[in-house]
Amino acid sequence: MLSFVLGSGRCGSTLVTELVARHPDVGFVSNVDDKFARLNLKGQWNSALFARSAERDPSLRPFRDRRRPLERGRLRVAPSEGWTVLERQISNIFPQPCRDLTALDATPWLTGRITDFFESRMEAQGKPHFVHHLTGWPRSGLLRSAYPDARFVHVIRDGRAVCSSWLQMGWWDGYRGPDSWYLGPLSPGDQAEWESSGRSFVALAGIGWRLLMDALDQARRLVPADQWLDVRLEDLMESPRETLEQVMDFLGLDWTPEFEAGFRLHTFQASRGVAWKRDLGDEQAALLESIIARPLTTYGYPLLHSTVH
């Protein structure tokens, strides 16, 4: 079985992927496979090496944004989105398309490249289940054209925390404006909303998150209900065992002693998601809420500012 963990980026999907990958029956693309993409490694030793790895330090930023030349916890084998190896072995359509990838993109050539990529790795790793992590556009329409029975776990996080985190990341390209970012041009309505904010980058991050959440909602509607699961990061932080049991049951994976040992390597901090209040400040947080109020309330996040309309 092939499953995908989806998310907007900075939403906790990395954590969920690593938790699932602790299962002895699960294979995955690793950061080593991605780093040495030219070698087209199949990852035979990924699971064994990851089992010896501690949890990822949540304070670590992407490699390009690291604070020090050497960081404790940086050297580890772990699941990866694998953008470099996906681009090299499948197509450069994958990493940053200007829109979501759908069934309309599933040419026989591209579908064949996708199945060759995953099948060769599943065979080499000898695992009955394979999980892959993708952020940004869901891409589920394209992926289901190659794997109609694939399952999707969508990880959701409070959009205020996501947008605040985006603004601190070196890879966020919104500072170049919507004519140059990877999400493609804004609709006239979104463009007017951004202009009315004084071209606020906080507002633009909110528009970007809203675009992705709308794309994920649309993608969900095209997938059978038993093949899609929404998981809130906040629920995982508050009730890790209960929430993860839902994920594992959805994926058809038993909670084995080996998985329990891997689960115990991780810590969960319920207070992790409140830094956005400090980092944004009241005025910018209120502006952001006015942009993303609809998806926030859809997923059960209370609004905190009376200026929201």
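Just the heavy atoms: all of them, side chains too, but no hydrogens, waters or symmetry mates, feed the values below.
- Using modelled atom types, one side-chain atom of Gln227 and one backbone atom of Ala150 make a donor-acceptor pair closer than 3.5 Å.
- Formation of a donor-acceptor pair under 3.5 Å by the Ser164 side chain with backbone atoms of Leu280 is not found in this model.
- The side chain to side chain contact (heavy atoms under 4.5 Å, CB included) search around Pro95 returns Trp83, Glu87, not counting sequence neighbours.
- Under the 3.5 Å distance criterion, the side-chain polar atoms of Thr115 are matched with a main-chain donor or acceptor of Gly112.
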Check step by step if side chain to side chain donor-acceptor pair (under 3.5 Å) holds for Glu242 and Gln246. CA-CA 7 Å; Glu242 293 81 356; Gln246 296 175 16; over 6 Å; no

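- The list of ring pair (Phe, Tyr, Trp, His ring centres under 6.0 Å) pairs with a residue in residues 2-29, not counting sequence neighbours, reads Phe4-Phe118, Phe4-Phe152, His23-Phe259, Phe28-Phe50.
- Within the structure, salt bridge (charged side-chain N to carboxylate O under 4.0 Å, His left out) pairs that include any residue of residues 118-133 do not occur (at least two apart or interchain).
- Under a 3.5 Å cut-off, the side chain of Glu234 and the backbone N or O of Asp158 do form a donor-acceptor pair.
- Between Ala37 and Gln89, the shortest heavy-atom distance links the atoms O-NE2, 3.3 Å.
- Here the shortest heavy-atom pairing between Arg76 and Asn31 reads O-ND2, 2.7 Å.
- Leu41 belongs to a hydrophobic cluster whose other members, connected by ILVMFWY side-chain contacts under 4.5 Å either directly or through intermediates, are Val32, Phe36, Leu39, Trp45, Leu49, Val77.
- Applying the side-chain hydrogen bond (donor to acceptor under 3.5 Å, both in side chains) test to every pair with at least one member in residues 178-190, sequence neighbours left out, gives these pairs: Ser187-Asp190, Asp190-Arg210.
- In this structure Arg220 satisfies the side chain to side chain donor-acceptor pair (under 3.5 Å) test together with Asp217, Asp230, Tyr299, sequence neighbours excluded.
- Proximity of a side-chain donor or acceptor of Thr111 to a complementary backbone N or O of Pro108 within less than 3.5 Å is not detected.
- Glu260 pairs by the salt bridge (Lys or Arg N to Asp or Glu O under 4.0 Å) definition with Arg241, Arg264, not counting sequence neighbours.
- Ser120 places a side-chain N or O within donor-acceptor distance of the main-chain N or O of Phe117, the cut-off being under 3.5 Å.
- Cation-pi contact between Arg151 and Phe250: present, with separation from the ring centre below 6.0 Å and deviation from the ring axis of at most 45°.
- Scanning for salt bridge (Lys or Arg N to Asp or Glu O under 4.0 Å) contacts around Asp25 gives an empty result, with sequence neighbours left out.
- With values rounded to the nearest 0.5 angstrom, Ser47 atom OG is found 10.5 Å from Arg22 atom CZ.
- Residues satisfying the side chain to side chain contact (heavy atoms under 4.5 Å, CB included) criterion with Ala205, sequence neighbours excluded, are Cys163, Trp166, Leu167, Trp172.
- For residues 187-208, the set of pairs meeting the ring pair (Phe, Tyr, Trp, His ring centres under 6.0 Å) definition, not counting sequence neighbours, comprises Tyr175-Phe201.
- By the salt bridge (Lys or Arg N to Asp or Glu O under 4.0 Å) test, Arg88 pairs with no residue at all, sequence neighbours left out.
- For residues 102-114, every residue pair satisfying the salt bridge (charged side-chain N to carboxylate O under 4.0 Å, His left out) rule, not counting sequence neighbours, is listed here: Arg99-Asp105.
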